[in-house]
Enquirer: 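The structure is given below, and queries will be raised subsequently.
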Amino acid sequence: MANERVYTSRRANIVNALVEQFKGINGSGKMITDVSDNVHPFLKFWDEIEDFPALHINAGSESRDYQAGGFKDRFLSLTVRCYVNEENAQDALNALMEDVETVIEENSRLQYSDKQNNLFTTNQISIISIDTDEGALEPLGVGEITIEIQY
C-alpha cells in the first residue's frame, strides 16, 4: 500500500459503499421492501421525490479524536432519508426503516475503498436516532435515520 494516505477523510467512499449495501433491500430473503433501484448518495426532500420507495443518504459533519501514538479516530455522521407513498404509509415506512436497520446491523464493519483503491473497513456503525413524520404527510411517509460511522 505504497500509495495509501492514512488519515484522509473518506466520506464519499463510505457513502457509496453504504449505498451499494442498501441496494440489497430488494424485497427478497430478510428484506420486506424493494428499494434496490432507488437508492442515492445525495439528499432530496420529500417534495422532490418522484419514485417510491426511495432512500437518500447524506453525509453530515465529521470529527476527529486524536489519540496517543499519532492515531486518529474519525466519526462521520450520515442521514438516511426513507420515503414511501402508500395507503398505509406508516406501515410501509416502518418496514423500509427495519430493512435499513438490518443492513446497518449486518454491515457494522463496512468495507470500502479509498480513491486509490486501497481497501479499508469501518470500526463501527451506530444508529443515533430514528424519526418519522408520524403520519402527517399521508399517503406519503418520510423517515430519517441518523447514524455515526467510526473509521
Side-chain angles (χ1 to χ4, degrees), residues 5 7-65 72-151:
R5 296 184 306 171
Y7 290 112
T8 60
S9 174
R10 299 188 184 105
R11 300 163 59 88
N13 307 79
I14 291 171
V15 168
N16 289 334
L18 200 53
V19 163
E20 288 307 310
Q21 294 303 317
F22 287 145
K23 287 181 179 182
I25 300 175
N26 59 10
S28 67
K30 297 179 191 177
M31 300 301 150
I32 302 167
T33 310
D34 184 358
V35 71
S36 57
D37 293 330
N38 207 5
V39 181
H40 305 282
F42 52 83
L43 181 64
K44 277 192 176 182
F45 293 100
W46 66 269
D47 59 339
E48 300 174 301
I49 307 297
E50 296 177 6
D51 298 318
F52 296 91
L55 288 180
H56 291 261
I57 295 87
N58 183 49
S61 63
E62 186 171 343
S63 63
R64 305 281 192 278
D65 186 11
K72 298 176 196 172
D73 284 326
R74 293 160 291 200
F75 298 89
L76 173 61
S77 175
L78 290 181
T79 301
V80 180
R81 291 252 171 85
C82 306
Y83 302 96
V84 298
N85 186 0
E86 294 190 27
E87 185 175 322
N88 295 317
Q90 287 304 297
D91 290 342
L93 183 59
N94 285 329
L96 177 55
M97 294 175 84
E98 285 177 23
D99 287 343
V100 168
E101 188 171 358
T102 298
V103 169
I104 291 169
E105 294 295 328
E106 290 180 350
N107 291 280
S108 174
R109 305 243 334 134
L110 179 69
Q111 190 174 57
Y112 64 96
S113 61
D114 66 7
K115 300 238 185 262
Q116 298 169 330
N117 292 318
N118 298 306
L119 290 178
F120 298 93
T121 305
T122 61
N123 296 330
Q124 177 67 36
I125 300 178
S126 303
I127 295 175
I128 303 302
S129 66
I130 298 174
D131 195 19
T132 72
D133 67 349
E134 299 299 328
L137 300 173
E138 288 275 354
L140 298 174
V142 180
E144 185 173 280
I145 301 173
T146 305
I147 61 176
E148 180 181 72
I149 300 175
Q150 179 186 6
Y151 69 101

Enquirer: State the CG-CD1 distance between L55 and I25, to the nearest 0.5 angstrom.
Expert: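 Reported to 0.5 Å precision, the distance equals 5.5 Å.
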Enquirer: Between N58 (side chain only) and G60 (backbone N and O only), is there a donor and an acceptor less than 3.5 Å apart?
Expert: no
Enquirer: Nearest 0.5 Å, please: how far is CE in M97 from OG1 in T33?
Expert: 11.5 Å
Enquirer: List the residues meeting side-chain hydrogen bond (donor to acceptor under 3.5 Å, both in side chains) with S126, not counting sequence neighbours, and say none if there are none.
Expert: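 In terms of side-chain hydrogen bond (donor to acceptor under 3.5 Å, both in side chains), with neighbours along the sequence ignored, S126 is linked to no residue.
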Enquirer: My understanding is that only residues two or more places apart in sequence, or in another chain, count here; which of them pass side-chain hydrogen bond (donor to acceptor under 3.5 Å, both in side chains) with S77?
Expert: none
Enquirer: So, taking the atom named OG1 in T132 and the one named CD1 in I130, what distance separates them when rounded to the nearest 0.5 Å?
Expert: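 With rounding to 0.5 Å, OG1 (T132) is 10.0 Å from CD1 (I130).
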Enquirer: Could you pull out all residues at least two apart from T122 that satisfy side-chain hydrogen bond (donor to acceptor under 3.5 Å, both in side chains)?
Expert: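 Residues passing side-chain hydrogen bond (donor to acceptor under 3.5 Å, both in side chains) with T122: none at all.
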Enquirer: Which atom names give the shortest non-hydrogen contact between Q90 and D133, and what distance separates them?
Expert: NE2-OD1, 2.7 Å
Enquirer: Pick out which of E62, R11, Q124, K72 makes a side-chain hydrogen bond (donor to acceptor under 3.5 Å, both in side chains) with Y151.
Expert: E62
Enquirer: Which pairs count as ring pair (Phe, Tyr, Trp, His ring centres under 6.0 Å) when at least one residue sits in residues 92-117, sequence neighbours excluded?
Expert: Y112-F120
Enquirer: So, does H56 use its side chain to make a donor-acceptor pair with the main chain of F42 at under 3.5 Å?
Expert: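 Looks like yes, one N/O pair under 3.5 Å.
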Enquirer: First locate atom CD1 of I125, then atom CG of L78, and finally report the distance between them rounded to the nearest 0.5 Å.
Expert: 8.0 Å
Enquirer: Can you name the salt bridge (charged side-chain N to carboxylate O under 4.0 Å, His left out) partners of E101, sequence neighbours left out?
Expert: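 Scan of E101 (salt bridge (charged side-chain N to carboxylate O under 4.0 Å, His left out), adjacent residues dropped) gives none.
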Enquirer: Looking only at heavy atoms, what is the nearest atom pair of P53 and L96, with distance?
Expert: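 So the two residues come closest at CB-CD2, 4.2 Å.
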Enquirer: Below 4.5 Å, heavy atoms only, C-beta onward: do P41 and I57 meet side chain to side chain?
Expert: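 Not in contact.
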Enquirer: Side-chain donor-acceptor contacts of residues 14-24 below 3.5 Å, not counting sequence neighbours, with atom names and distances?
Expert:
residue, atom, partner, partner atom, Å
N16, ND2, A12, O, 3.2
E20, OE2, K23, NZ, 3.4

Enquirer: So, N38 side chain and D51 main chain: donor-acceptor pair closer than 3.5 Å or not?
Expert: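 Such a contact is found between N38 side chain and D51 backbone.
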Enquirer: Compare every heavy atom of V100 with every heavy atom of C82, then report the nearest pair and how far apart it is.
Expert: SG-CG2, 4.1 Å
Enquirer: With rounding to the nearest 0.5 Å, note down the distance linking CD1 in I147 to OG1 in T79.
Expert: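 Result: 8.5 Å between the selected atoms.
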Enquirer: So which atom in P139 and which in A89 form the shortest heavy-atom distance, rounded to 0.1 Å?
Expert: O-CB, 3.3 Å
Enquirer: Output, in order, the C-alpha distance, side-chain angles, deciding distance and verdict of side chain to side chain contact (heavy atoms under 4.5 Å, CB included) for L76 and R74.
Expert: CA-CA 7 Å; L76 173 61; R74 293 160 291 200; over 6 Å; no
Enquirer: Would you please test D91 and E86 for side chain to side chain contact (heavy atoms under 4.5 Å, CB included) and show each step?
Expert: CA-CA 9 Å; D91 290 342; E86 294 190 27; over 6 Å; no
Enquirer: Of all heavy-atom pairs between F75 and D73, which one has the smallest distance, and what is that distance?
Expert: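 For F75 versus D73, the nearest heavy atoms are CE1-CB, 3.7 Å.
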Enquirer: Is it true that a side-chain atom of D131 and a backbone atom of E144 form a donor plus acceptor pair closer than 3.5 Å?
Expert: no
Enquirer: Evaluate side chain to side chain contact (heavy atoms under 4.5 Å, CB included) for W46 paired with R81, printing each intermediate quantity in order.
Expert: CA-CA 9 Å; W46 66 269; R81 291 252 171 85; over 6 Å; no
Enquirer: Has E138 got a side-chain atom pairing as donor or acceptor with G135's backbone, closer than 3.5 angstrom?
Expert: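 Side chain of E138 to backbone of G135, a donor-acceptor pair under 3.5 Å: no, none is there.
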Enquirer: Given L140, which of N85, L93, V84 fulfils the side-chain contact (heavy atoms from CB on, under 4.5 Å) condition?
Expert: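 Between L140 and the candidates, side-chain contact (heavy atoms from CB on, under 4.5 Å) is satisfied uniquely by N85.
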Enquirer: For atom CD of E50, is the number of surrounding heavy atoms from other residues, nucleotides or ligands below 6.0 Å larger than 12?
Expert: no
Enquirer: Can you tell me how far apart CG (L43) and NE2 (H40) are? Round to the nearest 0.5 Å.
Expert: 12.0 Å
